[in-house]
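Below you'll find the structure, written out as structure tokens, and then a few comments.
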Amino acid sequence: MSTPFAGAAASSISSASSESSGVKTGDSLAYLLSTIAMTGWAPTKTRLFYIGEAPPAVGNVEYLPLTRLDDADPQHLAILQEFQCQSLAKREYQRGQRHILVQAYCFNSSDGAYGAYNLLRQGASTVVTRGDASSEDDQSISFWKGDEFIEVYGTSEDDDESKEAVRSLADQIEHVITGRGSLPSAVAHLPVIDRVRGTEKLVMGPASVRRFFPAPYIGALQFDNARGGAVADYKFESPYPDRLKLLCLQYNNDASATRALTQYVSQLQGAKHVPSETGTVIKLDRGFLLCQARGPELIIITGARKKFSAEMLARQVY
């Protein structure tokens with residue numbers, strides 16, 4: 001798949017020392033983690049999990065392929081690869097029975113980092129934003145900034161000292177990531193009216209589409225010529241309450257989008273087609289599904305209990 005949607009300019013990491021200069025962002029971030037020390041906390045060796053070829057060794061860093069990640073979720077790994085993840089730098093700090101883990105993901109673009117933020121973040125959005133977007137709960141802080149997605153979390157509950165250490169680590173890392181990201185154009189393209197805030201998700205391939213858009217036969221879409229897209233939920237209050245899910249998927253050209261639509265609809269042969277001027281509307285057991293090719297863009301709406309709800313949302317897509 002080609003690189004989806006032009007992202008913001010690549011971020012840069014302030015060099016922790018001259019030893020980290022001239023290396024890729026992921027290596028610089030790993031070296032940075034290896035230099036951060038907290039009084040009273042004993043750090044482990046920094047490990048850099050990479051995709052592709054092994055990068056050149058930098059500082060006191062252990063290099064391993066990403067598949068060696070002990071707690072790797074196969075589905076998450078597939079999605080991270082779609083988001084063009086370069087590496088994951090990981091380091092743990094211990095003080096007695098307290099543990100704090102830092103995980104710093106590096107991507108080819110800010111779009112990928114944004115996608116990982118929505119996939120992996122914990123807690124609710126914060127009022128005081130770190131980086132380009134951040135979330136936190138009682139034990140963790142997650143944030144996206146430039147081409148990086150950062151997770152810092154502790155294992156101790158209701159522990160003020162651990163919470164302060166988590167905040168300190170997150171602030172130190174955020175401070176040295178100097179690049180900034182912008183909202184991916186695929187997400188910015190989504191209709192604003194009636195959108196449920198926080199449900200926006202970036203998709204860049206079949207793994208992320210299946211994860212964020214559980215529609216029937218969604219794996220039948222042709223992704224070879226797809227550039228990426230976005231998913232979000234929409235909630236209508238009147239005249240009839242309804243909640244729908246929208247997928248907008250961009251293709252390289254009009255013909256590719258039309259072929260993808262034709263192939264997808266062919267998988268629903270046993271379903272009932274309902275007349276509509278808005279697109280192809282299909283009656284399913286639990287509601288209506290609408291498909292429409294609009295130039296190089298494929299629109300799919302699912303979850304509608306009323307046919308006109310799906311049609312109304314389709315008309316809102318720019």
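For the pair Arg91 (side chain) and Arg47 (backbone), a donor-acceptor distance under 3.5 Å is absent. Judged purely by atom type and a 3.5 angstrom limit, Gln103 has no side-chain atom pairing as donor or acceptor with the backbone of Tyr105. In this structure a side-chain-to-backbone donor-acceptor pair under 3.5 Å is missing from Asp132 to Arg180. In this structure, the side chain of Gln75 does not engage the main chain of Ala207 through any donor-acceptor pair within 3.5 Å. Put simply, the side chain of Glu174 gets close to the backbone of Gly131: a donor and an acceptor are under 3.5 Å apart. When atom types are taken as modelled, the side chain of Ser266 and the backbone of Gln263 share a donor-acceptor pair closer than 3.5 angstrom.
Using the six-membered ring where Trp is involved, Tyr117 and Phe149 have ring planes that are perpendicular, over 60° apart on the 30 and 60° scheme.
Side-chain polar atoms of Ser135 and Gln122 form no donor-acceptor pair below 3.5 angstrom. There is a side-chain donor-acceptor pair under 3.5 Å between Ser256 and Arg259. In the model, Asn108 has a side-chain atom that pairs as donor or acceptor with a side-chain atom of Gln86 under 3.5 Å. Between Asp242 and Ser309, the side chains place a donor N or O and an acceptor N or O closer than 3.5 Å (distance only, hydrogens not considered). Using modelled atom types, one finds no donor on one side chain facing an acceptor on the other under 3.5 Å when comparing Ser142 with Glu151.
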Determine, step by step, whether Thr302 and Leu244 satisfy the side chain to side chain contact (heavy atoms under 4.5 Å, CB included) criterion, reporting the C-alpha distance in whole Å, the side-chain angles of both residues, the deciding distance to 0.1 Å, and the verdict.
-> CA-CA 6 Å; Thr302 188; Leu244 312 85; over 6 Å; no
Please report the C-alpha distance between Asp194 and Lys235 in whole Å, then the side-chain angles of each, then the deciding distance to 0.1 Å, and finally whether the salt bridge (Lys or Arg N to Asp or Glu O under 4.0 Å) criterion is met. CA-CA 6 Å; Asp194 301 314; Lys235 185 177 182 181; over 6 Å; no
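Residues Phe212 and Lys245 come closest through the heavy atom pair O-CD, 3.6 Å. Smallest separation of non-hydrogen atoms from Tyr217 and Gln267: CE1-O, 3.6 Å. When all heavy atoms are compared, the tightest approach of Gly229 to Leu202 is O-CD1, 3.4 Å. Residue Ala113 comes nearest to Asp147 through the heavy atom pair CB-C, 3.6 Å, listed as atom of the first residue, atom of the second, then distance. Listed here is the closest heavy atom pair of Phe107 and Ala116: CZ-CB, 3.3 Å. Of all non-hydrogen atoms in Glu311 and Lys307, the two that sit nearest each other are OE2-CE, 2.8 Å.
Within the 4.5 Å cutoff, no side-chain heavy atoms of Trp144 are placed close to those of Ile150. Side-chain contact between Thr199 and Tyr234: absent, with no pair of heavy atoms (C-beta onward) separated by less than 4.5 Å. Contact check for Thr278 versus Arg315: side-chain heavy atoms found under the 4.5 Å cut-off. Inter-residue side-chain proximity for Ile299 and Ile301 is flagged as met; some heavy-atom pair is nearer than 4.5 Å. Two residues are said to be in side-chain contact when any heavy atoms from C-beta on lie closer than 4.5 Å; Ile100 and Leu169 meet this criterion.
Residues passing the side chain to side chain donor-acceptor pair (under 3.5 Å) test with His76: none are found, sequence neighbours excluded.
Considering Arg130, Lys163, Arg121 as possible partners of Glu136, the one that fulfils the salt bridge (charged side-chain N to carboxylate O under 4.0 Å, His left out) test is Arg130.
A salt bridge links Glu164 and Arg167; the closest N-O separation between the charged side-chain nitrogens and carboxylate oxygens is under 4.0 Å.
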